[in-house]
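To start, the structure under review is shown below, and the notes come after it.
In what follows, every chain begins at residue 1, and chains take the letters A, B, ... in the order their sequences are listed.
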2 protein chains.
Amino acid sequence: MGISGKHIKPTESELEILRVLWEKGPSTVREVHEVLGQSKDAGYTTTLKLMQIMHEKGLLDRDTSSKTHIYSSAVSQENTQRQLLDKMIDTVFNGSASQLVLQALGNHTSSKEELEKIKQYLNDMEKKINN
Amino acid sequence: MGISGKHIKPTESELEILRVLWEKGPSTVREVHEVLGQSKDAGYTTTLKLMQIMHEKGLLDRDTSSKTHIYSSAVSQENTQRQLLDKMIDTVFNGSASQLVLQALGNHTSSKEELEKIKQYLNDMEKKINN
DNA sequence: ATGAATATACGAATATCTTCGTAAACAAAT
DNA sequence: ATTTGTTTACGAAGATATTCGTATATTCAT
């Protein structure tokens with residue numbers, strides 16, 4: 001199992017923090033906390049504690065060279081997405097990715113461009129299967 | 001909010017039980033427990049307790065007319081899948097269903113038939129958009 | 001009827017996640 | 001130097017999820 005294959009399992013709250021860090025890049029607890037504050041209200045030390053735990057778990061890296069620590073995500077967004085998605089396919093959609101795809105498309109209007117992109121992708125895939 | 005719009009949020013273990021009931025239909029605790037036993041090992045009373053709690057929460061219906069109670073899912077597989085999926089799109093894929101779709105297709109080889117089905121679906125959708 | 005097997009009900013222990021209060025360290029301003 | 005504000009560290013409370021031991025009820029075979 002490679003570096004990207006580590007079994008990550010962020011909790012709800014942890015995922016919120018990861019999203020902020022993926023978006024903003026390396027940040028202080030204060031910065032993360034302020035972004036979160038827009039959607040949720042928890043105390044500052046709550047955010048701090050969560051990020052400390054995430055660091056212990058290996059979800060976050062941190063730079064402690066200055067007094068105010070700088071945290072950054074130690075897991076890539078793509079790997080995390082893939083792992084959570086794979087798990088959902090397994091446990092919710094009985095292993096059928098296409099069942100999930102149909103469900104996803106059915107309930108979310110996608111733009112014409114997005115649909116094109118997906119169709120293009122499917123065409124390429126069919127070619128591969130046929131060869 | 002309709003009957004199908006209730007905000008369901010089964011836990012990991014609860015989902016395992018729901019899957020058995022969706023598959024097998026109405027079942028006793030014993031029957032569910034035996035299916036679960038193949039992949040996990042917990043005591044019988046653990047399964048019982050979980051199913052009792054699920055009944056309290058409204059996730060399961062039960063028929064107590066005979067001594068051995070018969071449980072069945074009170075939530076449809078499709079609605080549950082949709083809710084969990086919507087949530088994942090929101091919290092993991094920043095609201096982009098198509099991003100999720102591409103990720104899902106990329107990592108799971110689907111059969112030619114499945115791809116056809118999806119393409120057909122996409123074609124229909126494009127027509128709708130164009131009209 | 002008695003005993004063995006099986007079922008439910010209940011309470012509680014354990015684990016994990018989330019939250020926050022408080023203390024100690026540090027920096028900047030007065 | 002003292003105060004004020006900001007930060008980290010620590011511990012613990014609260015909430016939820018998971019697990020199981022034990023008691024009680026019921027069925028069935030003897």
Side-chain angles (χ1 to χ4, degrees), chain A residues 7-21 26-72 75 80 84 87-88 91-92, chain B residues 7-21 24 26-72 75 80 83-84 87-88 91-92:
Chain A
H7 89 300
I8 306 163
K9 232 231 147 186
T11 65
E12 292 284 304
S13 304
E14 287 173 346
L15 192 57
E16 287 177 328
I17 289 172
L18 284 175
R19 289 178 68 194
V20 174
L21 290 173
S27 309
T28 64
V29 174
R30 174 71 51 194
E31 287 164 342
V32 170
H33 180 63
E34 249 143 40
V35 175
L36 292 182
Q38 289 159 11
S39 51
K40 144 190 231 198
D41 75 326
Y44 172 81
T45 52
T46 300
T47 306
L48 170 66
K49 181 71 164 184
L50 276 171
M51 291 175 74
Q52 285 172 339
I53 291 172
M54 289 171 78
H55 175 246
E56 282 170 25
K57 289 188 189 173
L59 286 171
L60 300 188
D61 291 327
R62 78 173 164 183
D63 172 355
T64 58
S65 60
S66 52
K67 163 163 163 64
T68 303
H69 302 347
I70 310 275
Y71 289 81
S72 53
V75 297
T80 308
L84 293 174
K87 175 154 195 180
M88 169 161 283
T91 62
V92 182
Chain B
H7 89 298
I8 306 161
K9 233 232 148 183
T11 65
E12 292 284 303
S13 303
E14 287 172 346
L15 192 57
E16 288 177 328
I17 290 172
L18 284 175
R19 288 179 68 195
V20 175
L21 291 173
K24 289 179 48 83
S27 308
T28 64
V29 174
R30 174 70 51 194
E31 287 164 342
V32 171
H33 180 64
E34 250 144 39
V35 175
L36 292 183
Q38 288 159 12
S39 52
K40 142 190 232 196
D41 75 326
Y44 171 80
T45 52
T46 300
T47 305
L48 170 66
K49 180 70 164 185
L50 274 172
M51 291 176 74
Q52 286 171 338
I53 290 173
M54 290 172 77
H55 174 245
E56 282 170 26
K57 289 189 188 175
L59 285 172
L60 300 187
D61 291 327
R62 78 172 165 185
D63 171 357
T64 59
S65 60
S66 51
K67 160 159 165 67
T68 303
H69 301 346
I70 310 276
Y71 289 80
S72 54
V75 296
T80 307
Q83 294 211 26
L84 293 175
K87 176 157 193 174
M88 169 160 285
T91 62
V92 181

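Rounded to an integer number of Å, the gap from CG of D63(A) to P of dT7(D) is 16 Å. Taking atom CD1 of residue I70(A) and atom C1' of nucleotide dT8(D), one finds them 14 Å apart after rounding to whole Å. The interatomic distance linking M54(A) (CE) with dT18(C) (P) rounds to 10 Å, in whole Å. The nearest whole Å value for the distance from the NE2 atom in H33(A) to the P atom in dT19(C) is 11 Å. The CG atom of L15(A) sits 14 Å away from the C1' atom of dC17(C) (whole-angstrom rounding). At whole-Å resolution of the value, CG in L48(B) and P in dA9(C) are 7 Å apart. When rounded to the nearest whole Å, the span between NZ of K67(A) and P of dA24(C) equals 15 Å.
Considering only heavy atoms from C-beta on, R19(B) stays 4.5 Å or farther from V35(B) through its side chain. Using a 4.5 Å cut-off on side-chain heavy atoms (C-beta onward), K57(B) and E14(B) make contact.
Side-chain nitrogen and oxygen atoms of R30(B) include at least one within less than 4.0 Å of the OP1 or OP2 phosphate oxygen of dA7(C). When the side-chain nitrogen and oxygen atoms of Q52(A) are compared with OP1 and OP2 of dT8(D), none of them lie within a distance under 4.0 Å. Between R62(B) and dA9(C), a side-chain N or O to OP1/OP2 separation shorter than 4.0 Å is present.
Across all non-hydrogen atoms, the minimal contact from H33(A) to T47(A) is ND1-OG1, 2.8 Å. Across M51(B) and I17(B), no two heavy atoms sit closer than the pair CG-CD1, 3.8 Å. When all heavy atoms of L21(A) and Y71(A) are compared, the pair lying nearest together is CD2-O, 3.7 Å. The nearest pair of heavy atoms linking P26(A) to E31(A) is O-OE1, 4.4 Å.
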Got a list of protein N/O to nucleotides 12-21 of chain D N/O distances below 3.5 Å?
| from | atom 1 | to | atom 2 | distance (Å) |
| --- | --- | --- | --- | --- |
| dT18(D) | OP1 | S13(B) | OG | 3.2 |
| dT18(D) | OP2 | T11(B) | OG1 | 2.6 |
| dC20(D) | OP2 | G43(B) | N | 2.6 |
| dC20(D) | OP2 | T46(B) | OG1 | 3.0 |

